[in-house]
Amino acid sequence: MTLLWDNDPTSGDRYAFALGGDISPVENLAAAARSLQESADPLMVIGPDIDMQSACDLSELARVERPELGVILLRRRVDVAVLGQALRAGIREVLTADDLTGLAEGVRRSLELSAKVAGHVTEGGTAEGRIVTVFSAKGGVGKTTFSTNLGAYLASQGSKVLLMDLDLAFGDVAISLQLLPQNSMSDLIAMGGHVDAQGLSSIVTKHESGLDVAAAPSEPSDADRIPGALVGEALRVARRHYDYVVVDTPPAFTEHVLAAFDVSDLLILIATLDIPAVKNLRLSLDTLDLLGNPRESRVVVLNRSDAKVGLRSEDVVAAIRQDIAVMVPSSPAVPASINRGVPIVLDEPKHPVSGALRELADRFVKVQANSGAPRGTEQAQPAKRERWSLARGGKR
Ligand SMILES: Nc1ncnc2c1ncn2[C@@H]1O[C@H](COP(=O)(O)OP(=O)(O)O)[C@@H](O)[C@H]1O
Ligand SMILES: [Mg+2]
């Protein structure tokens, strides 16, 4: 829907075609300011009879409150003075009021830009972090290895990162990083419905890499007391305060895992070269398809890709009917690093396993500055507003 601020009650009809028909009229500056704050409409067109100062005031307000909203200004005459003033106020386009073709073009450009900006900005106007969930329906394939290494690598690069352990009964993120958590995910229970940044920070334990860890409860039975909705709530809060939220998972579609999928921008699915793991991955991919999870928001990583076990990576690709994004070799250095409690990417950066984990982070997890688009190519291009919802059984 486009907000149209004009004095002329017939202008809605005049511009309907150029604006795509769906118009919500506003009458004055106060109403315009209110609707831009209250609505999520991506475009405001200001008619030719609205005075220049009010139009600029509104645009300046929009720039702060709703950076993704585009403002297009129509004038009877466009001159350098008008353009200069509009530019300073952050108005995206100034067009002559009778140039309806130009207006249609300007609307299209502005909506495109808004979509890009919205992909990077929350309702509150702050940049949103990316939620990346590492999953496999089979245990022992490398989920915890990947999530701890990804988290520690991203944190060591200066990003603000939270690693949440959703293997709530048997999570071993804390022990893998040699942390002794004072608090854990069970402390969220008391905050249900009102989790905020402070509450979240009270449950995290800091790792020396700079990574924040939300550890699994020390009591396995606490897992049942943590509702899936609480996990979703905590993740939504977390993404407003972290650049990345990496989620480690148990080997099952638990309600906690489903809640994480629901808000994730990227799923990293782990395959290994054994028939049960490949079968489980195929079933997981089918389940994700059924749930409406977009294929563009998943990558499959083959762990221990060089194991000589009679099954080849081509066999895996054929069985799961999806490309493998990154191959991580097998090495005794991996369990050795876990036993030392130091992620291998930090401890042995030149190791081939570290190289592969960095490739995964750099190509698929990281986002390019200013674009909101992930660095990944054909595989992973999740758009923020394209998050899918289990609750609604499809894309939001
Ligand atoms: N690329 C690898 N090479 C050798 N061992 C690995 C590799 N990746 C994981 N491992 C080992 O496999 C075991 C299971 O890994 P883990 O990350 O705990 O799996 P999950 O979290 O999926 O259960 C660990 O002992 C880990 O050290
Ligand atoms: Mg694990």
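Each ligand, and each atom within it, is numbered from 1 in the order the structure gives. All values below were derived from every heavy atom in this structure, side-chain atoms included, with hydrogens, water molecules and symmetry-related copies excluded.
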message = Ignoring hydrogens, what is the shortest heavy-atom contact between Ser136 and Val141? Give both atom names and the distance.
response = OG-CG2, 3.3 Å
request  = To the nearest 0.5 angstrom, please state how far the NE2 atom of His241 sits from the CG atom of Asp196.
outcome  = 7.5 Å
message = Quick one, Glu233 with Arg236, criterion salt bridge (Lys or Arg N to Asp or Glu O under 4.0 Å). Give me CA distance, side-chain angles, the key distance, then yes/no.
response = CA-CA 5 Å; Glu233 184 188 351; Arg236 276 190 292 273; over 6 Å; no
query = Can you pull the ring-ring contact (aromatic ring centres under 6.0 Å, His included) pairs that have at least one residue in residues 129-172, sequence neighbours excluded?
reply = Phe135-Phe253, Phe135-Phe261
task = Using the test salt bridge (charged side-chain N to carboxylate O under 4.0 Å, His left out), find all partners of Arg282 that sit at least two apart in sequence or belong to another chain.
result = Asp286
ask   = What's the verdict on salt bridge (Lys or Arg N to Asp or Glu O under 4.0 Å) for Asp41 and Arg66, showing C-alpha distance, side-chain angles and the deciding distance?
value = CA-CA 10 Å; Asp41 300 318; Arg66 292 269 316 279; over 6 Å; no
Distance filter under 2.8 Å, centred on the Mg ion (ligand 2) - protein N, O or S atoms that pass it = Thr144 OG1
key: Stepwise salt bridge (Lys or Arg N to Asp or Glu O under 4.0 Å) check, Asp347 with Arg340   = CA-CA 10 Å; Asp347 208 23; Arg340 280 198 304 281; 2.7 Å; yes
query = Just by distance, with hydrogens left out, do Arg92 and Ser114 show a side-chain donor and acceptor under 3.5 Å apart?
reply = yes
request  = For ligand 1, would you mind listing the residues that have at least one heavy atom less than 4.0 Å away, ordered by chain and number?
outcome  = Gly139, Gly140, Val141, Gly142, Lys143, Thr144, Thr145, Asn303, Arg304, Pro329, Ser330, Ser331, Val334, Pro335, Ile338
inquiry  = Pairing donors with acceptors under 3.5 angstrom, does anything connect the side chains of Ser54 and Asp57?
reply    = no
